[in-house]
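First the structure, in the form of structure tokens, and then the observations on it.
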Amino acid sequence: MERPCVRVPREAGERTRETLAAADLVDEAHEIVVDDGDIYLPVTDADAAEREGYDVVYRDVPTHDTQRTPADLLGFDPSYERLGDVAILDEDDPDRARRIADAILDSDLPVRAVLDRASKVKGDLRVRDWTVLAAEDRDGRPPTELVHREYGFDYLLDLSTVYFSPRLATERHRVTEQTAEDERAVDMFAGVGPFVIPMAARGATVVGVDLNPTAIEFLRENAHRNGVEERVTAIQGDVRDVAADHADAADRIVMNLPHSADDFLDAAATLAGDDCVLHYYDIQHEDDPFGPGERAIREAATGYDVDVETRHVVRSYAPHELNVCLDVRLSR
Ligand code: SAM
């Protein structure tokens, strides 16, 4: 059966496998194939692997002899995402969803619960509704709770109470890799910590703010799990109320609330120190994806020189709409 595979020269195979494993992209149900000097590593998400910069091709790869895949049981290859030991579907037909869920649990994949998206992300907390299609006993843990591994960090989270998207892993890595030791960083919309924890692990002192009390509990737990709790301050509240307590102190600010970040630029200007890099996420029409954000930042950042260092397209969000990030240096 044809599967998406990352193709690299044979000598880069082991290094690539480790990087793919860190991003949770290895398709464990299929075998690695070597062919004519290249190695083909089956992956679970072709788009994510491409965003990592890999060459992705579709080719026949054998299934592991001992592993029964959902496709073996169903007779077709269903589409699903994996997050920890949970599989996530996006199916409209409830009967088909249930058949796929049963096949996933009956297969040899290390999956113990299957969820279907039941709404879009919504409200201030950006949490979506889920339908639990199938779940095994998980030692009393709810079927929506899981541990996700991303770039070597573990995140405990519950999809029914907090926002989380594994699709932003590459983008978070792009931003957090820019962090220098001894920086003071603020994540204004921190969630369970996927920006905060890698920044702290690079030696920064990081303040993470979130309106959602459950996200803040997970953020504290995740800081502890990843051994960076001494460099992380987790604050529950509206960041507009919190900003004055940390005024003029940030060397780096992350603003990942793309539909309404412009409402929070005054708070960002309060937080920014004399020389600060702002990572501003936005969702805009493809005709002018960066203009509205850039204008809003210039208007809010009075007293600063504003230098847009990067205009970066993160992903396509909807037809003709792009999720983008502006990396902007504010200097006073
Ligand atoms: N940065 C995290 C990530 O990448 O997973 C979470 C991003 S999520 C799109 C936005 C987060 O902002 C949510 O966790 C939500 O609870 C939080 N939020 C919304 N309004 C807020 C506010 N006024 N102050 C602080 N946090 C807020």
Side-chain angles (χ1 to χ4, degrees), residues 23-24 48 51 81 83-84 88 117 119-128 144 146-151 153-177 179 185-200 204 206-223 226 232-246 250 252-271 278-283 293 312 314-315 317-318 321 323-325:
D24 210 8
R51 285 196 299 273
E81 258 178 281
L83 203 52
I88 296 173
R117 292 185 174 87
S119 76
K120 292 185 180 301
V121 291
K122 54 187 180 167
D124 284 346
L125 305 190
R126 315 305 295 149
V127 178
R128 74 167 87 233
T144 44
L146 57 96
V147 178
H148 169 63
R149 192 165 179 78
E150 184 173 297
Y151 285 98
F153 300 104
D154 286 336
Y155 300 98
L156 176 70
L157 59 108
D158 186 329
L159 289 168
S160 70
T161 54
V162 297
Y163 171 90
F164 191 81
S165 171
R167 294 179 185 177
L168 297 175
T170 311
E171 171 57 16
R172 291 192 275 259
H173 190 57
R174 183 188 74 83
V175 163
T176 55
E177 283 285 283
T179 313
V186 178
D187 184 347
M188 294 173 65
F189 311 105
V192 302
F195 285 99
V196 171
I197 283 155
M199 289 197 291
V206 193
V207 174
V209 184
D210 206 288
L211 198 54
N212 182 346
T214 314
I216 288 297
E217 278 172 33
F218 281 122
L219 170 55
R220 290 198 181 111
E221 160 64 25
N222 289 330
N226 291 287
V232 171
T233 306
I235 302 173
Q236 189 273 321
D238 186 325
V239 68
R240 288 170 292 206
D241 302 332
V242 170
D245 297 339
H246 299 270
R252 185 176 302 280
I253 298 176
V254 179
M255 295 185 77
N256 180 21
L257 188 65
H259 285 289
S260 48
D262 54 336
D263 292 342
F264 294 84
L265 278 167
D266 289 345
T270 302
L271 289 163
L278 179 66
H279 303 282
Y280 178 89
Y281 290 91
D282 206 357
I283 290 174
H312 176 69
V314 178
R315 58 178 173 156
Y317 181 76
E321 281 195 302
N323 181 190
V324 296
C325 182

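Atoms within each ligand, like the ligands themselves, are counted from 1 in listed order.
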Exercise. Step by step, would you call Arg174 with Glu171 a salt bridge (Lys or Arg N to Asp or Glu O under 4.0 Å)?
Worked result: CA-CA 5 Å; Arg174 183 188 74 83; Glu171 171 57 16; 3.0 Å; yes

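Taking the six-membered ring for Trp and the full ring otherwise, Phe189 and Tyr281 have centroids separated by 6.0 Å or more.
Looking at heavy atoms from C-beta onward, Thr176 lies in side-chain contact with Met199 at the 4.5 angstrom threshold. In this structure the side chain of Phe153 never reaches within 4.5 angstrom of the side chain of Asn222, judged on heavy atoms. Residues Arg172 and Val254 fail the side-chain proximity criterion, which asks for heavy atoms closer than 4.5 Å.
Residue Pro194 touches ligand 1 through its side chain alone, judged by heavy-atom distances below 4.0 Å. At a 4.0 Å heavy-atom cut-off, ligand 1 touches Met188 through the backbone alone. Counting heavy atoms closer than 4.0 Å to ligand 1, residue Ser165 contributes nothing at all. Contacts between Asp238 and ligand 1 below 4.0 angstrom, taking non-hydrogen atoms only, involve backbone and side chain alike.
Using modelled atom types, no side-chain atom of Arg128 and backbone atom of Arg117 make a donor-acceptor pair closer than 3.5 Å. In this structure a side-chain-to-backbone donor-acceptor pair under 3.5 Å is missing from Asp158 to Leu146. Judged by distance alone, with hydrogens and angles left aside, the side-chain atoms of Gln236 form a donor-acceptor pair with the main-chain N or O of Leu211 at under 3.5 Å.
Checked against a 3.5 angstrom limit, the closest N/O atoms of Phe189 and ligand 1 fall inside it. In terms of N/O distances under 3.5 Å, ligand 1 is approached by Val239. Residue Arg126 has no nitrogen or oxygen atom sitting less than 3.5 Å from a nitrogen or oxygen atom of ligand 1, judged on distance alone.
Ranking the protein heavy atoms by distance from atom 16 (O) of ligand 1 puts Asp210 OD1, 2.6 Å first. Protein heavy atom closest to atom 19 (C) of ligand 1, with residue, atom name and distance, is Asp124 O, 3.0 Å.
Residue contacts with ligand 1: Leu257 is included, with a non-hydrogen atom under 4.0 Å away. Taking 4.0 Å as the cut-off, Gly237 counts as a neighbour of ligand 1 on heavy-atom distance.
If you number the atoms of ligand 1 from 1 as listed, the ones under 4.0 Å from a heavy atom of Arg172 come out as 3 (C), 4 (O), 5 (O). If you number the atoms of ligand 1 from 1 as listed, the ones under 4.0 Å from a heavy atom of Ala190 come out as 1 (N), 2 (C).
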